[in-house]
Amino acid sequence: MEEARTNDWLATKLAWLWQSYFVDVSKPNDVYVRFGRCSKTRLGSIQLMRSQKLKGASVITLSGYMRDGRIPDVVLDAVLAHELVHYSHGFQSPLPQLCRYPHQGGIVDKEIKRRGLGPALKEQKAWVKTNWLPIINTIR
């Protein structure tokens, strides 16, 4: 039986990715991860919170569609890695900003590949191109 995709499950996945591929990235603030609203085009985002409850924390939000077990884990891994690269480059985190724009010169994909997640990125892009819309269009 497949494990339920909850925010706690997602936090475990984030911790594994950080420990396995981003261990060199310091974590000067709290970092949370959650499922958000069901977005067809934005698979993930990261935000430095300003609200009183989470002030100063970075929050990674994945499309609520990713709760569906038909979305392969590798897709979630690649999206989480993408957001962790933004964090490590100082976007929506207290770390120094490494470039002016978050996707400048394909920097995110280059960093994902440098960290050993190139195969996951390739698989994620191919899967999303072929399967994303047909699957999410069946979810109500």
Side-chain angles (χ1 to χ4, degrees):
M1 184 170 178
E2 187 174 312
E3 188 175 1
R5 291 186 173 180
T6 64
N7 287 338
D8 288 339
W9 175 86
L10 206 51
T12 301
K13 190 169 252 318
L14 178 68
W16 173 80
L17 268 173
W18 205 311
Q19 190 62 35
S20 300
Y21 297 98
F22 292 85
V23 71
D24 61 309
V25 177
S26 66
K27 195 159 93 170
N29 67 332
D30 290 330
V31 179
Y32 300 101
V33 63
R34 65 184 180 196
F35 289 107
R37 65 182 182 85
C38 291
S39 173
K40 286 186 176 187
T41 57
R42 184 173 296 233
L43 304 184
S45 64
I46 184 167
Q47 182 178 12
L48 188 60
M49 302 304 285
R50 289 169 176 71
S51 68
Q52 193 60 35
K53 184 178 178 186
L54 293 173
K55 189 173 180 76
S58 295
V59 177
I60 295 171
T61 305
L62 296 188
S63 171
Y65 285 122
M66 294 205 189
R67 283 188 183 103
D68 192 290
R70 293 175 291 174
I71 312 297
D73 281 4
V74 70
V75 173
L76 281 78
D77 292 345
V79 173
L80 285 171
H82 181 104
E83 301 310 329
L84 282 176
V85 169
H86 285 316
Y87 181 90
S88 70
H89 287 180
F91 291 95
Q92 304 301 320
S93 80
L95 297 172
Q97 195 169 308
L98 300 185
C99 54
R100 185 168 182 182
Y101 303 107
H103 293 101
Q104 186 173 323
I107 196 167
V108 175
D109 286 358
K110 289 175 186 173
E111 180 76 9
I112 288 172
K113 291 172 186 172
R114 186 185 73 76
R115 291 182 175 277
L117 287 161
L121 178 64
K122 185 177 181 179
E123 189 175 339
Q124 178 253 344
K125 287 184 181 214
W127 189 92
V128 167
K129 184 177 182 178
T130 305
N131 301 292
W132 179 253
L133 288 176
I135 285 181
I136 66 169
N137 285 334
T138 68
I139 301 171
R140 297 279 175 237

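As the structure is a prediction and not an experimental result, all values here were calculated from the model.
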Run the side chain to side chain donor-acceptor pair (under 3.5 Å) test on Y21 and D77 for me, step by step, so that the C-alpha distance in whole Å, both residues' side-chain angles and the decisive distance to 0.1 Å come before the verdict. CA-CA 11 Å; Y21 297 98; D77 292 345; over 6 Å; no
What heavy-atom pair brings [X] and [Y] nearest, and what distance separates the two atoms?
X	Y	answer
S88	V25	CB-CG2, 3.7 Å
L95	Y87	CD1-O, 3.5 Å
V79	L62	CG1-CD2, 3.3 Å
S58	S93	OG-CA, 3.8 Å
C99	Q104	CB-OE1, 3.7 Å
S63	F35	O-CD2, 3.8 Å

Tell me whether the centres of the aromatic rings in F22 and W16 are closer together than 6.0 Å.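 No.
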What residue pairs, at least two apart or across chains, pass ring pair (Phe, Tyr, Trp, His ring centres under 6.0 Å) with a residue in residues 62-83?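 Found H82-H86, H82-H103.
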Check side-chain hydrogen bond (donor to acceptor under 3.5 Å, both in side chains) between [X] and all other residues, then give those that pass, not counting sequence neighbours.
X	answer
T138	R70
K122	none
E111	R114, R115

Do L98 and I107 land in one hydrophobic cluster if side-chain heavy atoms of ILVMFWY residues count as linked below 4.5 Å?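 Result: no, two separate clusters.
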Joint hydrophobic cluster, F91 plus V108, side-chain heavy atoms closer than 4.5 Å: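 As far as the 4.5 Å side-chain criterion goes, V108 and F91 are not connected within one cluster.
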Whether K40 engages the ring of W132 as a cation-pi pair (distance to the six-membered ring centre under 6.0 angstrom, angle to the ring normal within 45°) should be assessed.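 Not flagged: K40 not positioned over aromatic ring of W132.
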Between L48 and K55, does the side chain to side chain contact (heavy atoms under 4.5 Å, CB included) criterion hold? Intermediate values first, please. CA-CA 8 Å; L48 188 60; K55 189 173 180 76; over 6 Å; no
From [X] [atom1] over to [Y] [atom2], what is the distance, rounded to the nearest 0.5 angstrom?
X	Y	atom1	atom2	value
I60	I46	CD1	CD1	4.5 Å
L10	L80	CG	CG	5.5 Å
L117	L121	CG	CG	8.5 Å
M66	D73	CE	CG	11.0 Å
R67	C38	CZ	SG	6.5 Å

V75/I71 under side chain to side chain contact (heavy atoms under 4.5 Å, CB included): CA gap, chis, key distance, verdict: CA-CA 7 Å; V75 173; I71 312 297; 3.9 Å; yes
Residues which pass ring-ring contact (aromatic ring centres under 6.0 Å, His included) with W9, listed by chain and number, not counting sequence neighbours: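 Once residues adjacent in sequence are excluded, W9 has no partner under the ring-ring contact (aromatic ring centres under 6.0 Å, His included) criterion.
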Who clusters with V59? Use side-chain heavy atoms, under 4.5 angstrom, across I, L, V, M, F, W and Y, and order the result by chain and number.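 Noted: V59 shares its cluster with Y32, M49, L54.
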Full working for side chain to side chain contact (heavy atoms under 4.5 Å, CB included) between T130 and K125: CA-CA 9 Å; T130 305; K125 287 184 181 214; over 6 Å; no
Is it true that D8 and K13 make a salt bridge, defined as a side-chain N closer than 4.0 Å to a carboxylate O?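 Looking at K13 together with D8, the answer is no, because their closest N to O distance does not fall below 4.0 Å.
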